[in-house]
Amino acid sequence: MFDTDFSAYAGDGANEDGGAAVPVVALGPGGFDAWRETAAAGEAAWAAATGFNGKPGTVALLPGEDGAIARVLAGIGENAADAMWDWAGVADKLPAGTYRLTDLSGAALDGDEAGRAWLGRLLAAYRFDRYKKDAGGGDDVVRFVPPADEVRHAVERLARGIWTVRDLVNLPAGTLGPTALGEAAAAIAARFGAIIEQTVGDDLLTAGYPAVHAVGRASADAPRLIDIRWGRDGDPKVTLVGKGVCFDTGGLDIKTASGMKLMKKDMGGAAHVLALGAMIMDAGLPVRLRVLVPAVENAIAGNAMRPLDVVETRSGLTIEIGHTDAEGRVILADALTEAVRETPELVIDCATLTGAARIALGTEIPALFCNDDGLAAGLLLASSETGDPLWRMPLWQGYARHVDGKVADVTNSPDSSYGGAITAALFLERFVSESEQSADSKGANGSVAWAHLDMMAWNLSSRPGRPEGGEAMGLRALYAFIEDRFGAE
């Protein structure tokens with residue numbers, strides 16, 4: 001994991017035939033009209049004949065006297081944060097070869113512009129084809145002359161994080177169960193010299209993670225709590241928590257066939273925090289990082305969790321199981337309790353938690369819940385600047401009564417289905433706010449500063465740079481926020 005080599009997509013300025021790389025002229029808003037004013041009559045006529053009008057993500061291949069491509073016009077939109085997707089569309093439309101990117105004057109793109117183009121190229125290159133006999137590949141590749149090393153390394157860090165999320169989410173549950181997810185986490189930890197501990201099976205009970213055990217005990221692949229630590233003493237603590245349900249049958253309250261079909265993606269939150277942790281370690285950010293992943297399969301067997309069972313948790317609170325298909329919040333309860341125990345400066349959890357969030361915001365926008373207005377504002381600013389959408393939803397305390405249990409402290413499935421994403425977040429908040437904390441690390445409401453992302457982690461259809469399948473959502477925004485807040489001055 002996190003070891004993709006992107007050199008196959010980088011050119012050195014020369015094409016395969018020894019000639020110079022073909023220039024690609026980036027035409028921003030109004031750029032097509034400006035180009036037509038100075039273009040040779042033949043080139044302008046050719047562009048008109050092919051229907052090119054500078055629309056974002058489109059290209060015009062301009063031939064030279066010998067019939068080969070002399071240069072390319074590329075439409076790039078007005079919104080800089082979305083330019084990477086325009087470049088992904090451009091990359092998809094180019095024939096194999098090496099291309100250098102320029103502005104209208106012929107000067108090479110540099111800085112952020114070049115970085116967005118390079119990221120678009122790398123995301124357009126992603127394919128999940130490891131199970132296909134004829135996977136393609138080879139030398140028939142579109143290569144961009146990459147940006148300067150500093151920009152290139154930063155962009156490739158983002159791309160590796162996104163590819164890591166996609167790969168983990170796309171893997172079938174028969175390949176990536178709790179054991180294999182632990183192995184993937186161990187590979188990331190080893191890559192960066194991090195410490196990793198895994199508490200497995202019945203050891204979860206003696207270690208004080210009974211809720212993780214209760215959800216995962218029915219699977220032949222034992223549940224586990226994955227715990228990665230990295231960083232130097234004295235640096236601020238940042239703890240990431242990810243829901244790692246490697247497959248979700250719904251338990252005894254079994255899902256329908258259609259509802260179960262995509263449930264290999266129910267470990268999407270774990271994929272996000274493992275990738276984000278890898279990005280933080282790769283950048284060497286001055287933080288004490290901890291990544292906690294409760295990894296389970298919500299399976300069906302004689303010892304499976306039953307409706308109206310009461311489950312103990314690490315915090316001491318008890319959970320009444322109103323529905324066995326609301327298992328993600330149950331395992332997160334134990335992990336969040338442990339996350340806040342050390343009173344970190346920041347806790348972020350990621351989870352494919354509720355269908356209610358998808359009904360409210362659709363599949364492409366993660367719902368952000370946060371107990372600290374300053375933290376929420378910072379995350380939303382990073383979201384806007386990166387073009388990686390998040391939308392804040394309320395931790396509305398008026399609905400907290402719905403989370404109260406009848407025979408236990410809390411229920412994992414309120415009787416009312418309304419506001420399901422909110423009540424799920426309020427459930428999680430109980431295990432943040434009611435665990436023992438120190439006063440100097442608390443957020444606005446007296447709790448550790450905490451953000452919860454409820455996400456889809458899946459593209460239902462393909463767009464340039466975003467193929468159908470597993471997807472990183474909010475990852476770039478989270479990394480940008482953490483880098484800005486904790487990065488070296």
Side-chain angles (χ1 to χ4, degrees), residues 1-7 115 118-119 122-123 125-126 128 152-171 176 180-198 224-232 235-244 246 265 267-295 335 339 344 346-351 382 386 388 451 453 455 457 470-488:
M1 290 291 117
F2 206 78
D3 57 359
T4 305
D5 180 6
F6 294 117
S7 60
W118 186 233
L119 184 55
L122 298 183
L123 298 186
Y126 181 83
F128 187 75
R152 178 177 179 176
H153 294 159
V155 167
E156 292 185 2
R157 181 179 302 121
L158 293 177
R160 286 192 183 93
I162 294 168
W163 279 44
T164 295
V165 172
R166 291 175 176 179
D167 278 347
L168 287 171
V169 175
N170 282 329
L171 283 168
L176 191 79
L181 184 58
E183 291 169 351
I188 288 173
R191 181 176 182 84
F192 298 105
I195 297 169
I196 183 169
E197 296 181 357
Q198 299 193 48
R224 66 198 56 229
L225 190 284
I226 301 164
D227 188 348
I228 297 173
R229 294 176 182 265
W230 175 90
R232 299 172 301 184
D235 285 337
K237 297 176 183 176
V238 173
T239 301
L240 310 176
V241 179
K243 174 186 169 184
C246 296
K265 78 172 186 68
M267 40 60 64
H272 277 74
V273 298
L274 289 172
L276 180 57
M279 293 161 70
I280 290 168
M281 292 186 285
D282 184 64
L285 297 184
V287 299
R288 276 183 290 171
L289 175 69
R290 192 176 187 191
V291 181
L292 292 166
V293 173
L346 173 65
V347 173
I348 297 173
D349 82 72
C350 296
T386 59
D388 197 11
L453 270 65
M455 60 182 59
E471 185 58 282
M473 295 180 172
L475 182 68
R476 292 182 292 116
L478 290 174
Y479 178 77
F481 170 79
I482 292 171
E483 182 183 45
D484 180 66
R485 179 167 174 177
F486 298 107

Which heavy atom in Ala194 sits nearest to a heavy atom in Met281, and how many Å separate them? CB-SD, 3.9 Å
Begin from the C-alpha positions of Leu285 and Ile482 and carry the test side-chain contact (heavy atoms from CB on, under 4.5 Å) through to its verdict. CA-CA 9 Å; Leu285 297 184; Ile482 292 171; 4.0 Å; yes
Without swapping roles, check the side chain of Arg229 against the backbone of Ile195 for a donor-acceptor pair under 3.5 Å. no
So if I apply the side chain to side chain contact (heavy atoms under 4.5 Å, CB included) rule between Leu274 and each of Leu181, Val165, Leu240, which one comes out positive? Leu181
Are the side chain of Asp167 and the backbone of Phe128 linked by a donor-acceptor contact shorter than 3.5 Å? no
Glu471 and Arg166, any side-chain heavy atoms less than 4.5 Å apart: yes
Quick one: closest heavy-atom pair of Leu168 and Ala184, and the distance? CD2-CB, 4.0 Å
To the closest 0.5 Å, what do you measure between CD1 (Ile348) and CZ (Phe481)? 6.5 Å
Smallest heavy-atom separation, Ala382 atom then Ala480 atom, equals CB-CB, 4.3 Å
Contact between Leu158 and Met279 at the side-chain level, heavy atoms closer than 4.5 Å - yes or no? yes
Polar side-chain atom of Asp349 near backbone of Gly242 as donor-acceptor pair, under 3.5 Å: no
Nearest-0.5 Å distance that lies between atom CD1 in Ile162 and atom NE2 in His272: 9.0 Å
Going from NZ on Lys265 to SG on Cys246, what distance comes out if it is rounded to the nearest 0.5 angstrom? 13.5 Å
Considering residues at least two apart in sequence or located in another chain, which fulfil the ring-ring contact (aromatic ring centres under 6.0 Å, His included) criterion with Trp118? none
Please answer whether the main-chain N or O of Leu122 pairs with a side-chain N or O of Trp163 as donor and acceptor at a distance below 3.5 Å. yes
Starting from the C-alpha separation in whole Å, work towards a yes-or-no answer on side-chain contact (heavy atoms from CB on, under 4.5 Å) for Cys350 and Met455. CA-CA 7 Å; Cys350 296; Met455 60 182 59; 3.9 Å; yes
What distance separates Glu183 CD from Ile196 CD1, expressed to the nearest 0.5 Å? 10.5 Å
Any chance you could measure Arg485, atom CZ, to Leu346, atom CG, to the nearest 0.5 Å? 5.5 Å
If I compare all heavy atoms of Ala271 with all of Val169, which pair ends up nearest, and what's the gap? CB-CG2, 3.9 Å
Find out whether Phe6 and Arg160 are in side-chain contact, i.e. whether some heavy atom of one side chain is under 4.5 Å from a heavy atom of the other. yes
Is Asp282 salt-bridged to Arg157, going by a charged N under 4.0 Å from an acidic O? yes
Compute whether any side-chain donor of one residue and acceptor of the other, for Asn170 and Tyr126, lie under 3.5 angstrom apart. yes
Indicate yes or no for a side-chain donor-acceptor contact from Asp235 to the backbone of Arg288 under 3.5 Å, with no hydrogens or angles considered. no
Going by an N to O cut-off under 4.0 Å, is there a salt bridge joining Arg290 and Asp227? yes
Glu197 side chain to Ile228 backbone, donor-acceptor under 3.5 Å: no
Just verifying a value: how many Å separate Ile280 CD1 and Phe192 CZ, rounded to the nearest 0.5 Å? 11.0 Å
Is the shortest side-chain heavy-atom distance between Val273 and Val293 below 4.5 Å? yes
